[in-house]
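In what follows, chains carry the letters A, B, and so on, assigned in the order in which the sequence lines appear, proteins first and then strands, with residues in each chain numbered from 1.
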There are 2 protein chains.
Amino acid sequence: MTDAQIPPTTAEELRAAILARYDGLSKRLQQIARYVLDEPNELALETLAVIAERSGVQPSAIVRFAKSFGFDGASQMQRLFRDGLLSGHAALGYSERVRNFSRAVDNSAASGGAELLSEFVEGNTIALQNLPQTVSDADLTAAVRLVEACDTVFVVGVRRAFPIAAYLAYSLQQAGKRTTFVDGVAGLARQQVGMIRPEDLLIAVSYQPYAEETVHAVEAAATRGAPVLSISDSLVSPIAKPATVTLQVRESEIRAFRSLSASMCLAQALVIGFAFEASRKEDAKNRRKR
Amino acid sequence: MTDAQIPPTTAEELRAAILARYDGLSKRLQQIARYVLDEPNELALETLAVIAERSGVQPSAIVRFAKSFGFDGASQMQRLFRDGLLSGHAALGYSERVRNFSRAVDNSAASGGAELLSEFVEGNTIALQNLPQTVSDADLTAAVRLVEACDTVFVVGVRRAFPIAAYLAYSLQQAGKRTTFVDGVAGLARQQVGMIRPEDLLIAVSYQPYAEETVHAVEAAATRGAPVLSISDSLVSPIAKPATVTLQVRESEIRAFRSLSASMCLAQALVIGFAFEASRKEDAKNRRKR
DNA sequence: TTGTGAACGGAAATTTTGTTCCATAGAACG
DNA sequence: CGTTCTATGGAACAAAATTTCCGTTCACAA
């Protein structure tokens, strides 16, 4: 190995490097190069032995290949593909990115918090980008169906979840849905939820640590046979387990303060999804009348 | 391990099995279950040792967890997640995937309500990115100073602005600031604001069309000599003109519905900016005492 | 309080994986 | 035709991972 080059840092870079050097490679190395280009997924998550067998070469040849592109070993090359696999779907990088981000915030803490806003923008952007990862279109559609199908929507959410719940209640009302906001004014929360019927729907919003009132509301609704739509940070949270449909939101966390932008975005998508469906049905009805 | 069940064969099956059995698991096993549900990607491609460290358990506990779900070992369980990761990506090459992604976003504008979520994510991302353009670091710093300097914060905001105001009130309170939320319960909004004094601060949140109550509150505060911090969509809005400091937010508008994610982000930056400054002063005070 | 059983953490043991080394085959050049 | 240099395959080695095992802790019941 006469090469002491610097290794590519992304899967795309490696791809380009392979293409550039392909003609200059030996026969066996070309064979590996083809496999690497054709099956990046295999590269990403199978072991060397498996890759070697599938591509018909020796494990040592793969190590040689990696080294000829400047890597320390084949493992280092694999890491590239694993990272790429995740970021390709904008997915798994999440924890990694959040960790990096928190570190950046820690560093800037010394600077006096002046660029706080842009740091928040970045953190919330990441959380937003990852939202579709935990909430599929199917989940959202199911949630919209629940809202459409029910007679009256009850919305509950306290403490940190209160703004989200308030938004849902307000804008569902605006969208023409009968909505009751279980706001607990005068301590009437239990009585309010006690009125729920099987043809209604309870939308519950809660994050760790799950507020007692909200958990009670969910249980009460379930007991009374009403469907429940939960918006929460975990699929096994107390309000998610009894729920008919759960929408999971992972917010960014900065200095022990968790954000709400992504939840806000989700709540909006839900409401507008409903408004859109409702208006479509209205159109259909009108057309039939003529 | 009294279980000799058959193991799940797909990641989804496992997910369902975990949810079903979650309550019957021991504390530690629940902890692992949570991690498995929340971070399937990590599960797919990190090693046991790394997963153990990140989730705060012992590697052996993970093996126990896997076995309790009928697997031979943790590796077998990992295979499930790896397969799932691949199937999500189809067998396409790299560039194809990227192309598909952008196409999906483009199309969603035209399509029904299915890809609504990604449309929202995109819109709100743009709004977030634009936030630093209308709110400078200097503005934010000035706003934080106002909050620091005052005796009691009054927060007002109704209708669409209500969730933002609610969030501000709640989290400023959490951050140790005396805060009154002018929520207008029992129609007492005017009386509440009537109590404001020059050493207090009114934070007003309002967007077009500006709510009468909020405009009144701002005017009342100004008359009584109290500083006003406005969060609004225009620098010339009725609540911005009399304000001491104004933070301007331009929200994204999607299908005629204006968003709130950027406002949420801004509110958060404000609160945490304050919390940060407050804790720094606290530190300084403590250090002086010794 | 004490006894019993399950759950847990940690370290040891084992298996798997990745890497290195070396003998050999093959090509290039003299 | 012989020498030399490079590339290759396979085995040996080293590292790392996973799994097993066992002493201890914890919770619950007597």
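- Checking A:Ser234 against A:Gln208 by side-chain atom types alone, no donor-acceptor pair falls below 3.5 Å.
- Between C:dG10, C:dT20, D:dT19, one nucleotide has an atom nearer to the side chain of B:Ser60 than all others, and that is C:dG10.
- Screening residues 203-220 of chain A for salt bridge (Lys or Arg N to Asp or Glu O under 4.0 Å) gives no qualifying pairs among residues at least two apart or on separate chains.
- When rounded to the nearest whole Å, the span between CD1 of B:Ile51 and P of D:dT19 equals 11 Å.
- D:dA14 atom P lies 19 Å from atom CG of A:Asp72, rounded to whole Å.
- Between the CG atom of A:Leu48 and the C1' atom of C:dG18 there is a distance of 6 Å, given to the nearest Å.
- Here D:dT20 is the nucleotide among C:dG18, D:dT20, C:dT20 with the atom lying nearest to any side-chain atom of B:Lys67.
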Is there a side-chain hydrogen bond (donor to acceptor under 3.5 Å, both in side chains) between B:Asp38 and A:Gln248? Walk through the geometry before answering. CA-CA 9 Å; B:Asp38 290 350; A:Gln248 186 188 13; 3.2 Å; yes
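- Taking the six-membered ring for Trp and the full ring otherwise, the centers of A:Phe162 and A:Phe181 sit less than 6.0 Å from each other.
- B:Arg79 places its CZ atom 11 Å from the P atom of C:dT16, with the value rounded to the nearest Å.
- Atom CE of B:Met77 and atom P of D:dT18 are 11 Å apart (whole Å).
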Under 3.5 Å, which N/O atoms of the protein pair with N/O atoms of nucleotides 5-8 of chain D?
residue	atom	partner	partner atom	Å
D:dT8	OP1	A:Ser26	OG	3.0
D:dT8	OP1	A:Arg28	N	3.1
D:dT8	OP2	A:Ser26	OG	3.1

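- Here A:Arg54 pairs with A:Glu42 under the salt bridge (Lys or Arg N to Asp or Glu O under 4.0 Å) rule; sequence neighbours left out.
- Within 4.0 Å of A:Ala74, counting heavy atoms only, lie sugar-phosphate atoms of the nucleic acid but no base atom.
- At a cut-off of 3.5 Å, with distance as the only test, no side-chain donor of B:Gln173 or B:Thr179 sits close to an acceptor on the other residue.
- Summarising the geometry, the separation between CD1 on B:Ile62 and C1' on D:dT20 is reported as 16 Å, rounded to the nearest angstrom.
- Contact check, B:Gln78 against D:dT18: a side-chain N or O comes under 4.0 Å of OP1 or OP2.
- Following rounding to the nearest Å, B:Phe71 (CZ) and D:dT20 (C1') show an atom-to-atom distance of 19 Å.
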